[in-house]
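Beneath this line is the structure, given in structure tokens, with notes to follow.
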Protein chains: 2
Amino acid sequence: MEARDKILETAGRLFSAQGYDGTSLSQVAREAKVSKALIFWHFETKEHLFREVVSRTIEPYAMKLDLEGLSEPDALAKLVDHYYQFVSRNSSSVRFFLGLFLRRDSRPEEMFAQVLEQYGLFRNQVAQVIERGQQRGTFSSRVRAAAHAGVVIAALNGMLVEGFVSEQREREAETAIAEIKETLIDPIRIS
Amino acid sequence: MEARDKILETAGRLFSAQGYDGTSLSQVAREAKVSKALIFWHFETKEHLFREVVSRTIEPYAMKLDLEGLSEPDALAKLVDHYYQFVSRNSSSVRFFLGLFLRRDSRPEEMFAQVLEQYGLFRNQVAQVIERGQQRGTFSSRVRAAAHAGVVIAALNGMLVEGFVSEQREREAETAIAEIKETLIDPIRIS
DNA sequence: GTCTATATACAGATAGAC
DNA sequence: GTCTATCTGTATATAGAC
């Protein structure tokens with residue numbers, strides 16, 4: 001691998017594990033087996049390196065999902081599965097972004113618009129699938145679609161955060177998903 | 001206020017807003033209007049100051065709640081209200097702890113056992129209230145108590161985290177709570 | 001207990017040889 | 001592109017006067 005990429009890879013790993021302030025360029029240089037000066041030659045400043053790392057990390061967040069031909073309950077189940085799996089697989093970077101969002105200062109602006117935009121798209125999909133199911137008679141009309149969608153998403157996020165905090169074991173991921181489906185999808189399903 | 005307390009107060013505010021690495025003792029000294037040397041005289045090292053701040057911050061987490069005389073659905077609603085309000089009111093320190101938990105390294109061990117213990121107690125209370133309600137006929141027996149409790153708590157946490165990320169407006173707190181009750185408590189209520 | 005002055009280390013960043 | 005050597009600032013921490 002070329003030095004530039006090696007630096008990006010190492011910096012990404014260290015930033016996400018230790019944060020921006022907690023990671024020195026000396027450490028990056030040491031672990032990437034290059035000189036500090038080379039980092040500055042390639043990236044100008046620590047801040048620029050960081051932004052480059054973030055940009056790369058965000059790329060896989062543009063997730064598209066094909067829900068054609070599925071009943072609304074199945075589509076909702078698929079959305080839930082997909083979201084949970086995506087976050088689990090990218091947990092290192094999701095933790096990192098969440099950590100940044102939690103800090104009052106360091107509002108890193110435009111960069112995170114991408115993350116929030118993808119998240120907004122997902123939220124809309126969930127709400128729309130429930131609404132459509134109610135119109136087409138596959139979901140009960142007794143619930144308010146928007147409220148129910150909000151709780152589904154909150155439950156997902158809550159399960160995921162709990163996994164972050166308690167050093168998630170693989171098995172529990174399956175359980176978490178099953179509980180959400182059992183509690184929030186099955187009871188409003190009609191078909 | 002005495003200098004020692006002034007230092008603790010200032011350090012607490014700055015640590016929780018900027019993190020450990022992001023807060024220098026020069027800044028603490030400046031804002032607390034004392035010399036840096038005095039901080040070392042009182043706390044020996046930055047690490048010790050930090051631990052002292054954390055210990056103080058954790059104190060109000062030992063929350064007790066009286067549920068005597070309430071029906072199980074009302075007790076569950078009260079638990080939900082109380083948890084949400086507590087986290088909202090202590091959001092600064094909760095954000096801070098969550099941020100620490102998200103970091104791979106810096107597992108600050110024993111100190112956080114207290115936070116996790118209180119959290120575990122709350123989880124148990126929720127599960128037990130649901131079980132008891134099922135035994136006494138105030139909650140539907142069609143759901144699995146443990147699973148339902150897990151989803152209630154996850155939804156709570158998810159709503160709270162979302163509030164952290166999107167700079168919560170007050171009004172939405174009420175909405176969030178109402179949605180959880182409407183979606184996860186009312187449907188299994190019998191009385 | 002509180003201060004000023006200082007020691008020591010390491011951070012981000014630059015100069016210039018190869 | 002990559003290095004060694006170095007500059008400059010600021011961090012944690014100490015010494016010692018009051």
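Below, chain A is the first sequence line, B the second, and so on; all start at residue 1.
Taken to the nearest 0.5 Å, the CG atom of Leu8(B) stands 3.5 Å off from the CZ atom of Phe43(B). In this structure, CD1 on Ile188(A) lies 7.0 Å from CD on Gln134(A), to the nearest 0.5 angstrom. One distance of note links CZ of Phe139(B) with OG of Ser71(B); it measures 7.5 Å at 0.5 Å rounding.
Looking at Ser93(A), its side chain never comes within 3.5 Å of a backbone N or O of Thr57(A) through a donor-acceptor pair. At least one donor-acceptor pair under 3.5 Å links the side chain of Thr23(B) to the backbone N or O of Gly19(B). In terms of modelled atom types and a separation under 3.5 Å, the side chain of His42(B) and the main chain of Leu49(B) share no donor-acceptor contact.
Between His42(A) atom NE2 and dT14(C) atom C1' there is a gap of 17 Å when expressed in whole angstrom units. Nucleotide dA11(C) holds its P atom 13 Å from the CG atom of Leu14(A), rounded to whole Å. Put simply, CZ on Phe40(B) is 15 Å from P on dT4(C), counting in whole angstrom units. Atom CG in Asp21(A) sits about 12 Å away from atom C1' in dG12(C), given to the nearest Å. Between the P atom of dA11(C) and the OH atom of Tyr20(A) lies a distance of 13 Å, rounded to the nearest Å.
Proximity of residues 26-38 of chain B to DNA chain D (heavy atom under 4.0 angstrom from any strand atom) is restricted to Ser26(B), Lys36(B), Ala37(B).
Using a 4.0 Å cut-off between a side-chain N of Lys or Arg and a carboxylate O of Asp or Glu, Asp74(B) and Arg189(B) qualify as a salt bridge.
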Just distance, no hydrogens or angles: give the donor-acceptor pairs under 3.5 Å from side chains in residues 126-133 of chain A, sequence neighbours left out.
| from | atom 1 | to | atom 2 | distance (Å) |
| --- | --- | --- | --- | --- |
| Arg132(A) | NH1 | Glu72(A) | OE2 | 3.2 |

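In summary, contact between chain A and DNA chain D, defined as any nucleotide atom under 4.0 Å from a heavy atom of the protein, begins and ends at dG1(D) to dT4(D) in the 5' to 3' direction.
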